[in-house]
Amino acid sequence: MPMHNEEIARVFDEMADLLEIAGDNPFKVRAYRNAARTVRNLGRELAEMVAAEEDLTRLPGIGRELAAKIRELVATGRLRALEKLHRQVPPTLEELLRIPGLGPRRVALLWRRLGVRDLRGLERALAAGRVARLRGFGPRTVEQIRQSLRSRTAVERRFLRFDAARHATALQRWLEGATGVKEVVVAGSFRRGRETVGDLDLLAVVEGKSEVIARFLAFDEVTRVVSRGITRATVFLRNGLQVDLRVVSPEQAGAALVYFTGSRAHGIRLRRMAQARGLKMNEYGVFREGVNLAGADEASVYATLDLPWIPPELREDRGEIEAARTGRLPRLIEPADLRGDLHCHTRASDGHGSLREMAEAARAAGLEYLAITDHSVRIGVVHGLDEERLVAQMEVIDRLNGELEGIVLLKGMEVEILEDGRLGMPDEVLERLEVVIGAVHSHFRLGRRQQTRRLLRAMENPHLHLVAHPSARLLESRPPIDLDWRAFLRAAAENRVVLELDAQPRRLDLDDIHARQALDAGVEIAIDSDAHTVQDFALLEEGVRQARRGWVEPDRVVNTLPLESLRRRLRGS
DNA sequence: GCCGTTTTCGGCCCGACTGTTTTCAGTCG
């Protein structure tokens, strides 16, 4: 069982946590965390790089020692240094760090002085009143720990960006009603367009005095105030979403926006660059010997480092700073670049609109063409179309195309990719369609070899144009299928199969990293709504955002093509 | 443990808020 990057990153994070509790050199701890981040963001599998005997020390934050540890992990699946650490520090202490208010110093104290090793031990120590007697544990801290244990806020929870957006908008509107507020911006991972967010970071740009913090605390969804200050406050909303508000003045707004948009790794890189130039960069501006050089807008902040403005979706320290420095930032795709949508459903299968309703909604959304791709009849999908119903639908589409203006419907189908890689519809039928999408809706848990073989075989079918939502994951509920992505992408490129980026908020599949890998492998992408209702075409924007995170440029997206070019492209494959 | 347009040694991003202190450590983002 080969070791994946995520597991290696987790090992490094665990090393960092335990070293920190053990009181080891804080910079060594940071080195492990940096390495974990590098590994997580890496576009390629370390196991493959090790197999190819590539020089791992060329990766940022990976030196001789950590390169050796990566090789050890890949080769043996174990890390002796971690096992040795486990003999000194109980590994279960890691779970205590997840509790808000407990950091490495306090966890170390609980462990060394009270023998607390895990959550249960902590509960017992609390009940016995032993925690309150420790130095540094006052009544407020003890109460906070008790509450965290009770409400299980210790468990990290992420929210779909799409769901958080509703709260973000409501809060923005509410805060903009406070005196002196010029603008309220949502920063953080939300602004970077991540598919899920852990919290919301709001930035209020305020002129003069303002009651914006008080108004924030009075928002009617607020159930708990964690902290409140002059420039900053943190609350929890009823649904468990944490929201941070920062108050900044207009001349600081750009610096604050850079700072609070992150990512952390991106910000650290910027501040290090600033430092190397004798500058100091923080959320208030960029300074040389106390003199403010920039800060009112983001572009001025980047300019002090001789960098162009970098789109938020790229700010993950995945090469965007190097690209900016050398003038190689991508021209990222925008919603207006999309001319059509190649994936939607009607009442004929599991959708909710008629053919005409879907067509008119797509036209209203600014699209020029729309492929109708109802499900084929097979396992797992309700109301799939059989051959007969499909042929009937094709006739209706022909007739509708004669009546509709400003939108063209394409005849298509979302066909099941069966367990063995065959498609769930005979070739004679598929060859009459303009858009054939293959999709996995069953047998999600096949082993990597079998799953990869299944998709490779499906892509060898000459009638297949696209593979829909390739990983088949559902965010926060179903893990991605186990796939050899390298082989999968190579086969997609060879067979000229387009990979879909499905814009449904729960899917967003391809994800950002795989979208970028697909481009690198020479594979084209389609950004589709997978609409099931007339409202769903608005979701294309979510798909575009994810594509931007994957560095996708419009000329690599087939549904930016004019209709006739698209038809030629699909016939040619 | 990493890293180097000044460095192979001596640095390592930066500030707010809280609680427990009596001048600041710990935590968080």
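First the proteins, then the strands, lettered A, B, ... as listed; each starts at 1.
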- Taking atom C1' in both B/dT23 and B/dG19, what distance in whole Å separates the two?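 Pairwise C1' distance, B/dT23 against B/dG19, rounds to 14 Å.
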- Which one, B/dG29, B/dG15, B/dC17, comes nearest to the side chain of A/Glu283?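 Of the options given, the side chain of A/Glu283 lies nearest B/dG15.
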- Among B/dT27, B/dG1, B/dC14, the one nearest A/Asn282 by side-chain distance: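 Minimum distance to the A/Asn282 side chain belongs to B/dC14.
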- Between A/Leu109 (CG) and B/dA25 (P), how many Å, whole number? 15 Å
- Query: If you check the A/Thr231 side chain, which of B/dC17, B/dG15, B/dG29 turns out closest?
  - Reply: B/dC17
- C1' gap between B/dC2 and B/dC13, integer Å: 15 Å
- Query: What is the distance, rounded to the nearest whole Å, between atom CD of A/Gln252 and atom C1' of B/dG15?
  - Reply: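 That distance rounds to 12 Å.
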- Touch check for A/Pro104, heavy atoms < 4.0 angstrom, all strands: base, sugar-phosphate only, or nothing? sugar-phosphate
- Task: Using the P atom as the reference point in each nucleotide, state the distance between B/dT21 and B/dT27 in Å, no decimals.
- Result: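 These two P atoms come out 14 Å apart once rounded.
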- Rounded to the nearest angstrom, tell me the gap between atom CG in A/Asp244 and atom P in B/dC28. 12 Å
- Task: Would you please say whether a donor-acceptor pair under 3.5 Å links the side chains of A/Thr92 and A/Glu95?
- Result: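 Not at all, the side chains of A/Thr92 and A/Glu95 share no donor-acceptor pair under 3.5 Å.
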- Message: Nearest to the A/Arg140 side chain among B/dG19, B/dG1, B/dC17, which nucleotide is it?
- Response: B/dG19
- Item | Atom pair distance, as rounded to whole Å: CZ in A/Phe260 and C1' in B/dC28 | 12 Å
- Measure the distance from CZ on A/Arg228 to P on B/dC17 and round it to the nearest whole Å. 12 Å
- Message: I need the CG-P distance between A/Asp317 and B/dC2, as an integer number of Å.
- Response: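 One finds 17 Å between P of B/dC2 and CG of A/Asp317, rounded.
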- Message: Does A/Arg161 qualify as a cation-pi partner of A/Phe190, given the criterion of NZ or CZ under 6.0 Å from the six-membered ring centre and within 45 degrees of its axis?
- Response: yes
- Message: Need the pair for B/dG10. Rule: Watson-Crick or G-U wobble, both distances under 3.5 Å, any strand; none if unpaired.
- Response: B/dC3
- Query: Which nucleotide sits closest to the side chain of A/Arg105: B/dT27, B/dT18, B/dG19?
  - Reply: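 Minimum distance to the A/Arg105 side chain belongs to B/dT27.
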- Item | Given A/Glu316, A/Glu313, A/Glu320, A/Glu542, the one that forms salt bridge (charged side-chain N to carboxylate O under 4.0 Å, His left out) with A/Arg549 |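 Of A/Glu316, A/Glu313, A/Glu320, A/Glu542, salt bridge (charged side-chain N to carboxylate O under 4.0 Å, His left out) with A/Arg549 is met by A/Glu316 alone.
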- Message: Could you tell me how far apart A/Leu134 (CG) and B/dG26 (P) are, to the nearest whole angstrom?
- Response: 13 Å
- Please state the C1' separation for the pair B/dT8 and B/dC12 - nearest whole angstrom.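 Rounded to whole Å, the distance is 15 Å.
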- Query: Among the nucleotides B/dA16, B/dG1, B/dG26, which one has an atom lying closest to any side-chain atom of A/Arg106?
  - Reply: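 Side chain of A/Arg106 sits closest to B/dG26.
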- Query: Could you state the CZ-P distance from A/Arg232 to B/dC14, rounded to the nearest angstrom?
  - Reply: 18 Å
Please tabulate the protein-to-nucleotide N/O contacts below 3.5 Å involving nucleotides 3-12 of chain B, giving atom names and distances.
{"from": "B/dC3", "atom 1": "OP1", "to": "A/Gly61", "atom 2": "N", "distance (Å)": "2.7"}

